[in-house]
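A short write-up of the structure that comes next.
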Amino acid sequence: MDNRFNIAAQIGGKATGARRARMEASPQYSGGRFRNNVPTSTGISLSAVPRVAVAAFTGGDARRPHHPVPLVEAPPGGDAQGLHITWYGHSTALVEIEGHRVLLDPVWSDRCSPTPLAGPRRLHQPPVALRDLPPIDAVVISHDHYDHLDMPSIQILADLQTTMFVVPLGIGAHLERWGVPESRITELDWNESTRVAGLELIATPARHFSGRGLSRDETLWASWVINGPTRKVFYSGDTGYFPGFAAIGQEHGPFDATLVQVGAYGQDWSDIHMVPEDGVATHVDVRGGLMVPVHWATFDLAPHQWSEPADRTWREAKARGVRLAIPRPGERVDVDNPPEIDAWWQQVA
């Protein structure tokens, strides 16, 4: 049986033994599940259901690009010196920092779903094949939702690469079920760190939730700090805006670059997904240098127009004097010499 069609496998594993004990000892864990450190709603009120239903079935044409999304094929070879970021679409990105490479939330599947037969489908192809990626030192996962933790991509990476997988608490059970050796998995609680190939990776708080089946919040979610010898990058993961970002900036900043969630938002889930203006505020809070917006363009997950996250982020960045890059999927950005913004997304929207 093709494992892509095995829904039970796609849902993942349950933590047991020492892994379960670590989870239960976490300050974030209470009453059988992980919790945010500020009040957070992940539900929709009954009064909002009609509005959400209407939004889900209207405006579909504007929620997708009208022309092919332009992809950039990375030139072969090259080293990872300096600081470069390559956004592959949605939240998948490669951070090349001082000779090392970190791959964030790799999703190469056609759908972000437990089955290839249904669920949100890609609006553009991956700009590079998994087999053509350069050597990766660490794969970092923000949380276990299907648009961030993709079983087939993880299995292929585990087979092709010798990379370490660095994940929030509980997610190691998913990876082990999918065949990743325990020796290649590091699980972290908020404010814990590990070292991989000369890099320091720190799990920092985020305001979100988790779950791949009917149960929720059995694994932790996180934002991430990537520290090289002299350069720093921050990745927000999926999150609602909250005061924790200012604390992250104070403790770990300033950052040379940030990758911040700006898409897939709606008025009924502002606690768990930021609007673009919140994304820019997060970049400012953590004391970021260059901002690269992520979590948009690749999957239709919310009722807003396809190009709206980029438009609003650009407008807010200009208003707040924030350095911004909005690359095409696959475009390698030199953080010290980023390309001028040319509004490419408006030409295909």
Can a side-chain donor-acceptor contact be found between [Y] and [X] if the only test is distance below 3.5 angstrom?
{"X": "Trp221", "Y": "Asn36", "result": "yes"}
{"X": "Asp189", "Y": "Gln28", "result": "yes"}
{"X": "Asp144", "Y": "Thr219", "result": "yes"}
{"X": "Thr40", "Y": "Arg207", "result": "yes"}

Starting at [atom1] of [X], measure out to [atom2] of [Y] and round the result to the nearest 0.5 Å.
{"X": "Ser142", "Y": "Leu259", "atom1": "OG", "atom2": "CG", "value": "11.5 Å"}
{"X": "Gln347", "Y": "Ser307", "atom1": "CD", "atom2": "OG", "value": "12.0 Å"}
{"X": "Ile226", "Y": "Thr258", "atom1": "CD1", "atom2": "OG1", "value": "11.5 Å"}
{"X": "Gln10", "Y": "Arg177", "atom1": "CD", "atom2": "CZ", "value": "10.0 Å"}
{"X": "Leu199", "Y": "Ile97", "atom1": "CG", "atom2": "CD1", "value": "6.0 Å"}
{"X": "Phe255", "Y": "His283", "atom1": "CZ", "atom2": "NE2", "value": "11.0 Å"}

Output yes when [X] and [Y] qualify as a salt bridge under the 4.0 Å nitrogen-oxygen rule, no when they do not.
{"X": "Glu218", "Y": "Lys14", "value": "yes"}
{"X": "Arg184", "Y": "Glu176", "value": "no"}
{"X": "Arg101", "Y": "Glu96", "value": "yes"}
{"X": "Glu187", "Y": "Arg22", "value": "no"}
{"X": "Arg63", "Y": "Asp300", "value": "yes"}
{"X": "Arg312", "Y": "Glu316", "value": "no"}

Do the side chain of [X] and the main chain of [Y] share a donor and acceptor less than 3.5 angstrom apart?
{"X": "Lys232", "Y": "Val225", "answer": "no"}
{"X": "Arg231", "Y": "Glu98", "answer": "no"}
{"X": "His90", "Y": "Thr298", "answer": "no"}
{"X": "Arg332", "Y": "Thr86", "answer": "no"}
{"X": "Gln261", "Y": "Gly263", "answer": "yes"}

Remaining members of the apolar cluster that contains [X], side-chain heavy atoms under 4.5 Å:
{"X": "Leu301", "result": "Val107, Phe299"}
{"X": "Tyr88", "result": "Leu94, Leu103, Trp108, Val128, Leu130, Leu133, Ile136, Val139, Ile141, Leu149, Met151, Ile154, Ile156, Leu157, Leu160, Phe165, Val167, Ile171, Leu175, Trp178, Val180, Ile185"}
{"X": "Tyr146", "result": "Ile7, Ile11"}

Exercise for review: Would you please indicate yes or no on a ring centroid separation below 6.0 angstrom for His148 and His208?
Suggested key: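 No, the ring of His208 stays outside the 6.0 Å limit from the ring of His148, centre to centre.
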Point to revise | Trp345 ring center within less than 6.0 Å of Trp306 ring center | key: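 Between Trp306 and Trp345, the centre distance exceeds or equals 6.0 Å.
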Check your understanding: Do other residues, nucleotides or ligands put more than 12 heavy atoms under 6.0 Å from the CD atom of Glu24?
Key ->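 Buried by this count: over 12 neighbours within 6.0 Å.
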Check your understanding: Should Val280 and Tyr235 be counted in the same cluster of Ile, Leu, Val, Met, Phe, Trp and Tyr side chains packed under 4.5 Å apart?
Key ->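 Yes, it is one cluster - the side chains of Val280 and Tyr235 are joined through contacts under 4.5 Å.
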Practice item. Report the C-alpha separation of Thr239 and Ser223 in whole Å, then their side-chain angles, then the decisive distance to 0.1 Å, and conclude whether the side chain to side chain contact (heavy atoms under 4.5 Å, CB included) test is met. Key: CA-CA 8 Å; Thr239 181; Ser223 59; over 6 Å; no
Which pair of heavy atoms, one from [X] and one from [Y], lies closest together, and at what distance?
{"X": "Asp150", "Y": "Pro106", "result": "CB-O, 3.7 Å"}
{"X": "Ala264", "Y": "His295", "result": "CB-CE1, 3.4 Å"}
{"X": "Ala206", "Y": "Ser236", "result": "CB-O, 4.2 Å"}

Check your understanding: Considering residues at least two apart in sequence or located in another chain, which fulfil the side-chain hydrogen bond (donor to acceptor under 3.5 Å, both in side chains) criterion with Ser91?
Key ->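 Ser91 satisfies side-chain hydrogen bond (donor to acceptor under 3.5 Å, both in side chains) with no other residue.
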Check your understanding: What residues form a side-chain hydrogen bond (donor to acceptor under 3.5 Å, both in side chains) with Gln346, not counting sequence neighbours?
Key ->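 Once residues adjacent in sequence are excluded, the partners of Gln346 under the side-chain hydrogen bond (donor to acceptor under 3.5 Å, both in side chains) criterion are Asp311.
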Does any part of the side chain of [Y], heavy atoms only, come nearer than 4.5 Å to the side chain of [X], both counted from C-beta?
{"X": "Arg212", "Y": "His174", "value": "yes"}
{"X": "Ser270", "Y": "Val275", "value": "no"}
{"X": "Phe245", "Y": "Thr204", "value": "no"}

Practice item. Determine, step by step, whether Phe209 and His143 satisfy the ring-ring contact (aromatic ring centres under 6.0 Å, His included) criterion, reporting the C-alpha distance in whole Å, the side-chain angles of both residues, the deciding distance to 0.1 Å, and the verdict. Key: CA-CA 8 Å; Phe209 69 109; His143 63 294; 7.8 Å; no
Point to revise | side chain to side chain contact (heavy atoms under 4.5 Å, CB included), paired with Leu201, selected from Asn227, Thr194, Asp137, Thr186 | key: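 That would be Thr194; it is the only one of Asn227, Thr194, Asp137, Thr186 passing the side chain to side chain contact (heavy atoms under 4.5 Å, CB included) with Leu201.
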**Study point:** Passing option when Arg64 is tested against Val348, Leu123, Val69 for side chain to side chain contact (heavy atoms under 4.5 Å, CB included)
**Key:**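 It is Leu123, the one option of Val348, Leu123, Val69 that forms the side chain to side chain contact (heavy atoms under 4.5 Å, CB included) with Arg64.
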Exercise for review: Kindly assign one of parallel, tilted or perpendicular to the pair Tyr265 and His304, based on the angle between their ring planes and the thresholds 30° and 60°.
Suggested key: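 Tyr265 and His304: parallel rings.
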Practice item. Just do the side chain to side chain contact (heavy atoms under 4.5 Å, CB included) check on Tyr241 and Asp285 with the steps written out, would you? Key: CA-CA 10 Å; Tyr241 184 68; Asp285 285 353; 2.5 Å; yes
Point to revise | Pair Trp224-Ile202, side chain to side chain contact (heavy atoms under 4.5 Å, CB included): steps then yes or no | key: CA-CA 6 Å; Trp224 288 92; Ile202 307 171; 5.8 Å; no
Would you give me the side-chain donor-acceptor pairs under 3.5 Å for residues 319-328, sequence neighbours excluded?
unit_1 : atom_1 : unit_2 : atom_2 : d
Arg323 : NH2    : Val335 : O      : 3.2
Arg328 : NH1    : Asp342 : OD2    : 3.2
Arg328 : NH2    : Asp342 : OD2    : 2.7

